[in-house]
Every structure is written in C-alpha cells, then in structure tokens.
Amino acid sequence: MDLFFLIVCVEWICQEERYTDGVKWRFLEHKGPVFAPPYEPIPGNVRFYYDGKQMKLSPEAEEVATFFAKMLDHEYTTKDIFRKNFFKDWRKEMTPEEKAKITDLSKCNFTEMSVYFKAQSEARKQMSKDEKLKIKEENERVLQEYGFCVMDNHKERIANFRIEPPGLFRGRGDHPKMGMLKRRIRPEDVIVNCSKDSKHPKPPPGTKWKEVRHDNKVTWLVSWNENIQGSIKYIMLNPSSRIKGEKDWQKYETARRLKKCVDRIRNQYREDWKSKEMRIRQRAVALYFIDKLALRAGNEKEEGETADTVGCCSLRVEHINLYPEKDGQEFVVEFDFLGKDSIRYYNKVPVEKRVYKNVQLFMENKQPEDDLFDRLNTSILNKHLQELMDGLTAKVFRTYNASITLQQQLKELTNPDENVPAKILSYNRANRAVAILCNHQRAPPKTFEKSMQTLQTKIDAKKDQLSDARRELKSAKADAKVRRDEKAVEAKKKAVERIEEQLMKLEVQATDREENKQIALGTSKLNYLDPRISVAWCKKWEIPVEKIYNKTQREKFAWAIDMADDDYEF
DNA sequence: ATAGGCACTTAGGACTATCTTC
DNA sequence: GAAGATAGTCCTAAGTGCCTAT
C-alpha cells in the first residue's frame, strides 16, 4: 500500500515534467455528497411561547427556532450581535402571521425546546449497547458507500463527504455575522466534479445537481456556495491521499530549498533596512518579523465582514509599542494583536537598532488605526519573495522555521542515556518550542486543575510505594547476609526498579502536561513539521513511531515513514 | 495597482470513542 | 457497569496565495 503510494508519486512526478499545465487527475469517480438529514419536527408537547402565550410555529420557523434553542446554554446567545443577526434571519423564515406577531426576541421562550434536546442527548448517551452498535454499523455503511472515491486507479478516502448541516453561524472572536442562519444545502446547490468516463453520482430521487463538471485541473469532488460569507465550500480528499500527500511533500521540499538560501535572503533584507525607498524598508522589516517571529503574511480583509484580525502586513500602529529600554533590554518592540481565529499574539522582542528606528519611522504621524506598513501588502511581498527564490512565499518561512527549530531542538534536548519516556518528553518539548514560535494556543482544558491533582495524588502514592519497596529491599539484604538467600534480594531489587520507572513515567507525564497547559501541539505536528525529521529521530533512537504519531497521523505521513532514514537532514 | 473569485492549507474547539477507575 | 478522564476524530471557520479582469 505504502509502496504503491510511492510508485504513484514517482509516476506522477515523472509526468509533472511533461505536464506543467496543472492537471490533477485523469480519472475521478465518486458517489457524491451525503446531505444533512431532513428536519424532524419536534413533538407537539414541546411548546414554544411568545410573550407568555403558547404558539405553534410553522415547520420552517420552528426549525430555525430549534437551532437557537440548542444553543441556549452558550454565552453567545446573550450577545447583542448574535441575537440581532439571528432574529433578522429567523423572521425571514416566518409566515406573514408569525412575522406580524413575533417582533421581539426577548419575548420568545425556547425553554421547553431546550429541555427537550437536552433530554434527547441524554437518552442517546443512555442507549443500550445494541442500539449503539446499530448506529455504528450504519455509520460504517455510509462511510463505505460515500467515504471513498477512485482517483487514477486508486481508491482514496474522502475527507468531508457530508455536506454541512444548516444551523446558526458562529464565527470565532468578535464576528459581525455571528447568529446568522446558515442555510440548508440541497442537490440543486451542488456542483459535482468527476471525470467524463466515470459513473456519475446520482442526485437523490426527484432532485437535480446544479451542475456536473469535469475539471481535472482541480482536486475537489463537490462544491457549493455558502451563504454567510458568499464563499465556496468543497469536498476534497483525506490527507492520506496521494494528491494531498504529494502536495505536503512538495511544501517541505520548498522549505528545504529556502534553507539553502536563507542566509542570502537574510543578508539582503538587512541591507534593505537602509534603503532610501520607504516601500523597500517596510518590505524588509516585515520580512524580518515574518522570519524571526513566524508571523503570518496578513492579507487584507474586508472590514465588517469578518472579525478584526491581522497578520504581519496588515499590522496597525495600535498593535505595536516601542520601548527604547525594557526589562534590561534595548530596543524592544511589543506586539499585541489578534491573529487568525482571534488568537491573541503577545510578544516583547528586542530587535536590532536599525529595525527599531525603522518601525519608529513607520509609526510617525499616524493614527492608531493606520497601517504600520502603508506601502506594503502580501502581494507586493510575495512578488519580491518569488524573485528571491522560485516558489517562495511568506508562509514558507513559517514552515521552514518550524521544521528547522524542531530539528535543532531535538538535537539539543535528546539525551542518549535516557529511557524512552524521557526521550518522548524531549520530543514533546521540541514540538512545544515550535508551537510557541507559531503561537498555537488552546484554551486550558476545563478539567485541567483537577486532572493535575489526580496525577499528583498518583505520584504521591507511587512515592510511598517506592519507599516501602526500598525498605523491604533493605531488610531482604540484611536477611540475605544471615540466610544466604540471594533470590529474594534480586526480586526485591527488581520491584524497586519497576516502581522507580513507574514513578519516573508519572513525573514525566506531569511535567509534560503542565508545560502543555495552554499550548496546542497538534497544529504544528500536522501542518508545519517535516514528518521526516520526526521519523528519522524515531529510527535513530529506536522509538516506535506510534509513540509520536497516532494511526491517522501515520496514514497522513505514510510517505515520510517510508522515505526517511535515521540520518535524514531537513 | 486593485478587486474579486477561486482553490487550497491551516486552525481551535466540539464531539465521540475508548480507556481507566471506582 | 457507571462515571470520569483522556485520546482521537470531526467540523468547519479562517487563513494564504494565485489568477483574471479592469
């Protein structure tokens, strides 16, 4: 299977030489998407009240009401924007009579609905083993039927073969569109992409596709328009597929090419800090930040359409503070802004004097809400990068710096004398250094404190157990002198060692968890770290790769697991 | 240059399955 | 075998970057 993957890749790379025209496949066959289940009206005894009086809603209005009812426990149903957006869209689904009557959301009482859905989900949890098994089997059947496609003689797993169900939109952060109604997608909204000579997917009985297309320059199987942002949504293949794997591999190869010329590029931008042209200075300082801090490019966004977040090129004066001296360091730039997913980026960085002076200059005579880099955007920056290296864009720096950091950290932190759990702790620490660089944060798990406590209790118990075992060993030794019973000593010694190891494992686990409180390792592992570095590390230290990658991850990185030897260098 | 459309990668959190503990 | 903790999967939003038209 893996070998087959490699052969397919090699075959394709060979062809890449011949086709530079962006052909992605020659044959594509699939069964189309799985649609969201139709709305099931709630039982008659579950009532809705308006202004204290019971009211039966039309099915259309009722469905949207249930979306809100299901969210009642969430904080955002109390937010003004959410409520306003929801109410506006809900009213569009009402009959004229309902519309005339229901004019104030605060007079709506969804409590019975909410209670009903909670009971439902409780009931689902309480289902018997048999019932649960039945559901599992049905899911498996759907997966087998719709979850795979054939692309160029190869059966591939599809990532998201289910069409997104209707519901209320909840963007991240302070999103101006939160609460809007995400409409139900019907076959008539869907474009199907497959090859002409394949068995075309059939739309559900009595319906039609919007279009059947045969575009082999793209990788998607199904697409539809989404009504909140007006963007297009796609059904594509799983990361384990050839088409994704090859792209991933390419990404890391580009980053490795950057490694070869990064010194030259760094020298260049340092020179450019002195340029007499402001646009070049801005470009050079921005690139420095992208390189040093692994910031994202920062495309412009339409104001009012999304949450107010920025990346490097879209930084504003208000996101930066300058300190000639701070905490004993000179020329400190303080960053404080919301990045992708409204995750806060906060960092105080000492920079070179020249950078500092330049930033000062860029901020001169500007309002807080003005762009820091007013002569720069991602397109200008990327055009410049393209000239420095084929295929170079801003995001390549993130990949490069993440991967090189992992490699360096692994070298630095791995202690050859330590055992497997300690080595894995070192791996996680290396991974963590990258996650911190890339600002991959997570909300501390709700149960964090408690789970730390449980672990500590276990550690304490293990310590007691250890001192008991040691005491027993000692007395066994004393006994042995008298009765020449070496066997008993050996056994006790073994027991002590075993307990020591268990204790060590627990302590390592506690350290790892504590250090990981607000840091998410998954994103960098999945998207930024050349998997060959990790695979090589595992081979070198004889760590089973399963300790680093779970099943899904091993499938995604099959190409790397096959490819990398213990001496692989990024 | 600028804007908009499109296709694709990257992202955190919700949800679910599985393991552990009582 | 129930409950709670943890690991793994799913979901889909939110980015990047390229292309085309103006």
Side-chain angles (χ1 to χ4, degrees), chain A residues 22 24 71 74 121 124-126 128-129 132 135-136 139 143 159-165 167 169-173 175 177-178 182 191 193 215 217-220 223 225-226 228-239 243-244 247-248 250-251 296-302 305-307 309-314 338-343 375 377-383 385-386 391-399 402 435 438-448 450-455 457-458 509 513 518-528 549-553:
Chain A
K24 303 283 171 46
M71 292 177 149
H74 273 108
S121 87
R124 226 170 302 128
K125 277 185 216 154
Q126 298 302 324
S128 72
K129 256 195 183 144
K132 280 184 182 168
I135 291 176
K136 206 175 166 182
N139 281 339
L143 171 69
N160 55 326
F161 55 89
R162 291 171 201 278
I163 285 190
E164 296 171 19
F169 175 81
R170 174 57 168 112
R172 324 240 169 117
H175 199 116
K177 299 194 173 183
M178 65 168 83
K182 197 166 94 166
I191 302 174
N193 194 32
D215 183 356
K217 303 265 176 58
V218 298
T219 67
W220 53 267
S223 76
N225 281 173
E226 159 272 348
I228 305 289
Q229 314 282 355
S231 65
I232 308 167
K233 299 265 186 168
Y234 303 95
I235 290 181
M236 290 184 192
L237 296 195
N238 196 75
I243 207 151
K244 295 287 183 189
K247 197 79 188 296
D248 210 33
Q250 238 176 58
K251 173 180 76 183
R296 295 188 186 83
N299 283 313
E300 293 111 299
K301 318 179 17 174
E302 220 172 322
E305 294 292 302
T306 59
T309 63
V310 297
C312 186
C313 293
S314 49
L338 296 182
K340 180 174 179 179
D341 291 320
S342 292
I343 297 291
R375 307 283 173 87
N377 60 41
T378 53
S379 148
I380 295 171
L381 178 64
N382 281 334
K383 217 168 267 167
L385 293 175
Q386 186 57 236
L392 187 61
T393 62
K395 82 197 266 285
V396 178
F397 281 87
R398 243 166 109 80
T399 312
C438 294
N439 201 231
H440 291 142
Q441 296 187 25
R442 61 166 184 176
K446 287 182 192 77
T447 55
F448 184 84
K450 210 174 155 203
S451 86
M452 275 321 278
Q453 240 170 34
T454 321
L455 197 51
T457 312
K458 271 192 201 166
Q509 201 187 347
R513 192 179 296 176
Q518 306 198 58
I519 297 169
L521 300 185
T523 304
S524 51
K525 202 183 234 185
L526 242 43
N527 300 299
Y528 288 104
Y549 292 137
N550 67 27
K551 186 164 158 285
T552 314
Q553 296 170 154

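Computed from a predicted model, the values in this text were never measured in an experiment. In what follows, every heavy atom counts, from backbone to side chain, and hydrogens, waters and symmetry copies are set aside. All chains are named by letter (A, B, ...) in the order of the sequence lines, taking the proteins before the strands, and each is independently numbered beginning at 1.
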Quiz item: Within the side chain of A:K251, is there an N or O that forms a donor-acceptor pair under 3.5 Å with the backbone of A:N527?
Solution: yes
Quiz item: When the distance from CZ of A:R398 to P of C:dA14 is rounded to whole Å, what number comes out?
Solution: 17 Å
Quiz item: Among C:dT12, C:dC18, C:dC11, which nucleotide sits nearest the side chain of A:R162?
Solution: C:dC11
Quiz item: When all nucleic acid strands are considered with a 4.0 Å heavy-atom cut-off, which category describes A:S223: base, sugar-phosphate, or nothing?
Solution: nothing
Exercise. For A:C312, check side-chain contact (heavy atoms from CB on, under 4.5 Å) against everything at least two apart and list the hits.
Key: A:A286, A:F289, A:I290, A:L295, A:F373
Quiz item: More 5' along DNA chain C: A:G171 or A:Q553, using each one's nearest nucleotide?
Solution: A:Q553
Quiz prompt | Separation of C:dT12 P from A:I228 CD1 (nearest whole Å) | solution = 12 Å
Practice problem: Mind checking A:P239 for me? I need base, sugar-phosphate or nothing, with any heavy atom below 4.0 Å counting as a touch. | Solution: nothing
Quiz item: For C:dT9, does OP1 or OP2 lie under 4.0 Å from any side-chain N or O of A:N550?
Solution: yes
Quiz prompt | A:E164 CD - C:dA14 P separation (whole Å) | solution = 12 Å
Quiz item: So what does A:T309 hit on the nucleic acid, given a heavy-atom distance under 4.0 Å: a base, only sugar-phosphate, or nothing?
Solution: sugar-phosphate
Quiz item: Would you say a side-chain N or O of A:T219 is under 4.0 Å from OP1 or OP2 of B:dC8?
Solution: yes
Quiz prompt | Point-to-point distance, once rounded to the nearest 0.5 Å, from CD1 of A:I191 to CD1 of A:I235 | solution = 12.0 Å
Quiz item: Counting only heavy atoms not in A:K132, do more than 12 fall under 6.0 Å of its NZ?
Solution: yes
Quiz item: What is the minimum heavy-atom distance between A:D215 and A:V218, and which atoms define it?
Solution: O-CG2, 3.4 Å
Exercise. Answer with yes or no whether the side chains of A:E226 and A:S231 bring together a donor and an acceptor at under 3.5 Å.
Key: yes
Exercise. Show the numbers, then the answer: is there a side-chain hydrogen bond (donor to acceptor under 3.5 Å, both in side chains) between A:T393 and A:N382?
Key: CA-CA 5 Å; A:T393 62; A:N382 281 334; 4.8 Å; no
Quiz item: Given B:dT2, C:dG15, B:dT9, which nucleotide is nearest the side-chain atoms of A:K395?
Solution: B:dT9
Practice problem: Taking only the side-chain nitrogens and oxygens of A:K251, find out if one of them lies under 4.0 Å from OP1 or OP2 of B:dT9. | Solution: no
Quiz prompt | Least distance between heavy atoms, A:A307 atom then A:H175 atom | solution = N-ND1, 4.0 Å
Quiz item: Are A:T219 and A:Y234 close enough that some pair of their side-chain heavy atoms sits under 4.5 Å apart?
Solution: no
Self-check item: Short side-chain N/O contact from A:N382 to OP1 or OP2 of C:dG17, under 4.0 Å
Solution: yes
Self-check item: Euclidean distance, atom CD of residue A:E300 to atom P of C:dG15 [Å, nearest integer]
Solution: 14 Å
Quiz item: Think A:N299 has a side-chain N or O under 4.0 angstrom from the OP1 or OP2 of C:dT16?
Solution: yes
Which protein N or O atoms sit under 3.5 Å from an N or O of nucleotides 17-22 of chain B?
{"unit_1": "B:dT21", "atom_1": "OP1", "unit_2": "A:K458", "atom_2": "NZ", "d": "3.4"}

Quiz item: Rounded to the Å, how far apart are A:L385 CG and C:dG17 C1'?
Solution: 12 Å
Quiz prompt | N/O (side chain, A:K551) to phosphate O (OP1/OP2, C:dT9) under 4.0 Å | solution = no
Quiz item: To the nearest 10 degrees, how far apart in direction are the end axes of the helix from B:dA1-C:dT22 to B:dC22-C:dG1, each fit to five base pairs?
Solution: 10°
Practice problem: Tell me what A:G339 touches on the nucleic acid: a base, only sugar-phosphate, or nothing, going by heavy atoms under 4.0 Å. | Solution: sugar-phosphate
Quiz item: Considering only heavy atoms from C-beta outward, does the side chain of A:K525 approach that of A:Q553 to under 4.5 Å?
Solution: yes
Exercise. Return the nearest nucleotide to the side chain of A:K182; candidates are B:dT10, B:dT9, C:dT12.
Key: C:dT12
Quick test: give all pairs of protein nitrogen or oxygen and nucleotides 12-15 of chain B nitrogen or oxygen below 3.5 Å, distance rounded to 0.1 Å.
{"unit_1": "B:dG12", "atom_1": "OP1", "unit_2": "A:Q441", "atom_2": "N", "d": "3.4"}
{"unit_1": "B:dG12", "atom_1": "OP2", "unit_2": "A:T523", "atom_2": "OG1", "d": "2.8"}
{"unit_1": "B:dG13", "atom_1": "OP2", "unit_2": "A:A443", "atom_2": "N", "d": "3.2"}

Quiz item: Which part of the nucleic acid, if any, lies within contact of A:Y234, taking any heavy atom under 4.0 Å across all strands shown: a base, the sugar-phosphate backbone alone, or nothing?
Solution: base
Exercise. Grab the CD1-C1' distance between A:I380 and C:dT16 for me, whole Å please.
Key: 16 Å
Practice problem: Give one of base, sugar-phosphate or nothing for A:K301, where a contact means two heavy atoms less than 4.0 Å apart. | Solution: sugar-phosphate
Quiz item: Is the distance from OP1 or OP2 of B:dC6 to the nearest side-chain N or O of A:K233 less than 4.0 Å?
Solution: no
Quiz item: What nucleic acid atoms does A:A307 come within less than 4.0 Å of, heavy atoms only: base, sugar-phosphate, or nothing?
Solution: nothing
Self-check item: With A:K177 via salt bridge (Lys or Arg N to Asp or Glu O under 4.0 Å) - residues at least two apart
Solution: A:E305
Self-check item: Length of the CD-P vector between A:Q229 and C:dA14, whole Å
Solution: 6 Å
Exercise. Report yes or no: does A:N160 contribute a side-chain atom to a donor-acceptor pair with the main-chain N or O of A:R162 at less than 3.5 Å?
Key: no
Quiz item: Considering residues at least two apart in sequence or located in another chain, which fulfil the ring pair (Phe, Tyr, Trp, His ring centres under 6.0 Å) criterion with A:F161?
Solution: none
Exercise. Give the rounded distance in Å between these two atoms: CG of A:L338 and P of C:dA13.
Key: 19 Å
Quiz item: Touch check for A:G298, heavy atoms < 4.0 angstrom, all strands: base, sugar-phosphate only, or nothing?
Solution: sugar-phosphate
Quiz prompt | A:T309 and A:K340: side chain donor to acceptor below 3.5 Å | solution = no
Quiz item: Pick the nucleotide of DNA chain B nearest each of A:L526 and A:N377; which residue has the one closer to the 5' end?
Solution: A:N377
Self-check item: Among B:dA7, C:dT9, C:dC11, the nucleotide that comes nearest once only the side chain of A:T552 is considered
Solution: C:dT9
